[in-house]
Amino acid sequence: MGSYDGAECYEIVGLYLLHKISSFLEPQYTGLYRDDGLIAVPKASGRRMDLIRKKLHKCFKDEGLKIIVQTDMVVANFLDVTLNLMDGTYKPYRKPNDTPLYIHKESNHPPSIKKNLVPMINNRLNSISSNETVFNDSKIIYQEALQKSGHSEHLQWTESTPSPQNTRTKRR
């Protein structure tokens with residue numbers, strides 16, 4: 001099996017497990033990306049959290065899988081984002097001793113890739129930063145990595161505005 005097949009398997013198994021979990025947890029509080037999951041249960045007592053933890057362990061054990069459950073967390077690192085559940089803020093997350101490395105500006109990559117690298121990084125940082133202060137605190141390591149790769153453009157905060165919803169129905 002190649003990596004594409006592996007990703008497909010993760011998604012099928014993940015959807016199946018989310019379906020099983022939805023029998024005892026509201027689906028709007030669960031999130032899954034490949035083999036990483038996050039469940040946020042608002043205003044649950046310690047007894048209820050312990051019951052949920054036991055049900056999760058049983059659900060995974062029934063399928064021959066293991067799960068790590070951490071309860072009573074107010075800050076969670078999920079993929080490349082740190083989520084603060086107390087104040088609703090979020091910021092970029094990097095594992096300790098992990099420094100970004102980007103393609104060099106003079107590399108043999110297609111011009112469109114080199115041209116769009118800085119805007120892509122800037123957009124990603126903007127989308128996982130809840131405000132300008134968080135963005136400015138987080139951009140330093142990314143800016144340094146870009147400069148080491150020969151890129152002179154600077155990362156800038158842009159206020160995001162939600163895109164309007166298309167209410168028209170398409171006719172076929």
Side-chain angles (χ1 to χ4, degrees), residues 1-103 116-117 119-142 145 155 157-163 165-166:
M1 243 200 262
S3 63
Y4 179 76
D5 292 334
E8 292 292 313
C9 288
Y10 275 128
E11 290 178 10
I12 291 169
V13 171
L15 288 171
Y16 171 69
L17 290 170
L18 281 175
H19 173 71
K20 285 185 73 172
I21 292 168
S22 69
S23 68
F24 59 89
L25 258 179
E26 299 84 10
Q28 68 264 28
Y29 299 127
T30 60
L32 180 70
Y33 180 78
R34 303 263 164 95
D35 63 338
D36 289 320
L38 181 67
I39 297 173
V41 182
K43 300 178 184 173
S45 66
R47 185 175 177 338
R48 179 161 184 251
M49 288 305 301
D50 192 49
L51 181 66
I52 291 170
R53 183 184 57 79
K54 288 178 182 175
K55 286 182 178 181
L56 284 169
H57 279 289
K58 183 182 180 328
C59 179
F60 277 70
K61 187 178 180 183
D62 290 348
E63 302 303 327
L65 300 169
K66 294 180 181 177
I67 185 172
I68 298 171
V69 179
Q70 297 174 323
T71 59
D72 300 325
M73 295 176 60
V74 293
V75 176
N77 296 323
F78 184 66
L79 302 174
D80 64 342
V81 183
T82 297
L83 306 165
N84 187 325
L85 304 176
M86 289 299 284
D87 61 12
T89 60
Y90 48 94
K91 63 183 180 180
Y93 168 73
R94 297 200 70 81
K95 291 181 179 178
N97 301 321
D98 178 31
T99 54
L101 180 64
Y102 300 117
I103 59 172
N116 289 313
L117 179 68
M120 287 188 309
I121 294 166
N122 197 64
N123 286 341
R124 180 65 185 155
L125 271 178
N126 271 281
S127 68
I128 60 175
S129 298
S130 58
N131 58 49
E132 188 173 3
T133 304
V134 168
F135 176 85
N136 288 330
D137 291 344
S138 302
K139 78 174 184 179
I140 298 165
I141 191 168
Y142 299 94
L155 300 172
W157 168 256
T158 53
E159 194 69 42
S160 63
T161 55
S163 57
Q165 295 292 328
N166 188 358

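It should be emphasised that the depicted structure is a prediction, and the values quoted were computed from it without experimental measurement.
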Query raised in the report: How far apart are the C-alpha atoms of D62 and K58, what are their side-chain angles, what is the distance that settles it, and do they pass the side-chain contact (heavy atoms from CB on, under 4.5 Å) test?
Result: CA-CA 6 Å; D62 290 348; K58 183 182 180 328; 2.9 Å; yes

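- Rounded to the nearest 0.5 Å, atoms CD (Q70) and CG (D72) are 11.0 Å apart.
- Taking all atoms of both residues into account, the shortest heavy-atom contact from S22 to H19 is OG-O, 2.6 Å.
- From N77, atom CG reaches atom CG of L83 across 8.0 Å, with rounding to the nearest 0.5 Å.
- Between atom CG of residue N84 and atom CE of residue M73 there is a gap of 11.0 Å, rounded to the nearest 0.5 Å.
- Across all non-hydrogen atoms, the minimal contact from N131 to V134 is OD1-N, 2.9 Å.
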Query raised in the report: Between R53 and D50, is a salt bridge (Lys or Arg N to Asp or Glu O under 4.0 Å) present by the stated rule, with each step listed?
Result: CA-CA 5 Å; R53 183 184 57 79; D50 192 49; 2.5 Å; yes

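- A distance of 8.0 Å separates OH in Y90 from OG in S127, rounded to the nearest 0.5 Å.
- Between the side chain of N126 and the backbone N or O of T158 there is at least one donor-acceptor pair closer than 3.5 Å.
- We find the CG-NZ distance between L56 and K20 to be 11.0 Å, quoted to the nearest 0.5 Å.
- With a 4.5 Å cut-off on side-chain heavy atoms, L32 and L17 do not count as touching.
- Among V81, I128, D80, the single residue meeting the side-chain contact (heavy atoms from CB on, under 4.5 Å) criterion with P92 is I128.
- Residues F78 and G37 come closest through the heavy atom pair CE1-C, 3.6 Å.
- Between N122 and F135, some side-chain heavy-atom pair lies under the 4.5 Å cut-off.
- Counting only heavy atoms from C-beta outward, the side chains of L51 and F24 never approach each other to under 4.5 Å.
- Counted within 6.0 Å of CD on Q28, heavy atoms from surrounding residues, nucleotides or ligands total more than 12; the atom is thus considered enclosed.
- I39 pairs in a side-chain contact (heavy atoms from CB on, under 4.5 Å) with only one of the listed residues (I52, T30, T71), which is T30.
- In F60, the CZ atom is crowded: over 12 heavy atoms of neighbouring residues, nucleotides or ligands sit closer than 6.0 Å.
- Between K91 and D137 there is no salt bridge, since no side-chain nitrogen of the basic residue lies less than 4.0 Å from a carboxylate oxygen of the acidic one.
- One distance of note links NZ of K61 with NZ of K54; it measures 13.0 Å at 0.5 Å rounding.
- With contacts defined as side-chain heavy-atom distances shorter than 4.5 Å, the pair P27/L18 does not qualify.
- The environment of M86 atom CE is sparse: at most 12 non-hydrogen atoms of other residues, nucleotides or ligands sit within 6.0 angstrom.
- With a 4.5 Å cut-off on side-chain heavy atoms, Y102 and Y142 count as touching.
- A heavy-atom distance below 4.5 Å is found between the side chains of R48 and V41.
- Here the shortest heavy-atom pairing between T99 and R94 reads C-NH2, 3.8 Å.
- In this structure, the side chains of T133 and W157 stay at 4.5 Å or more apart for every pair of heavy atoms.
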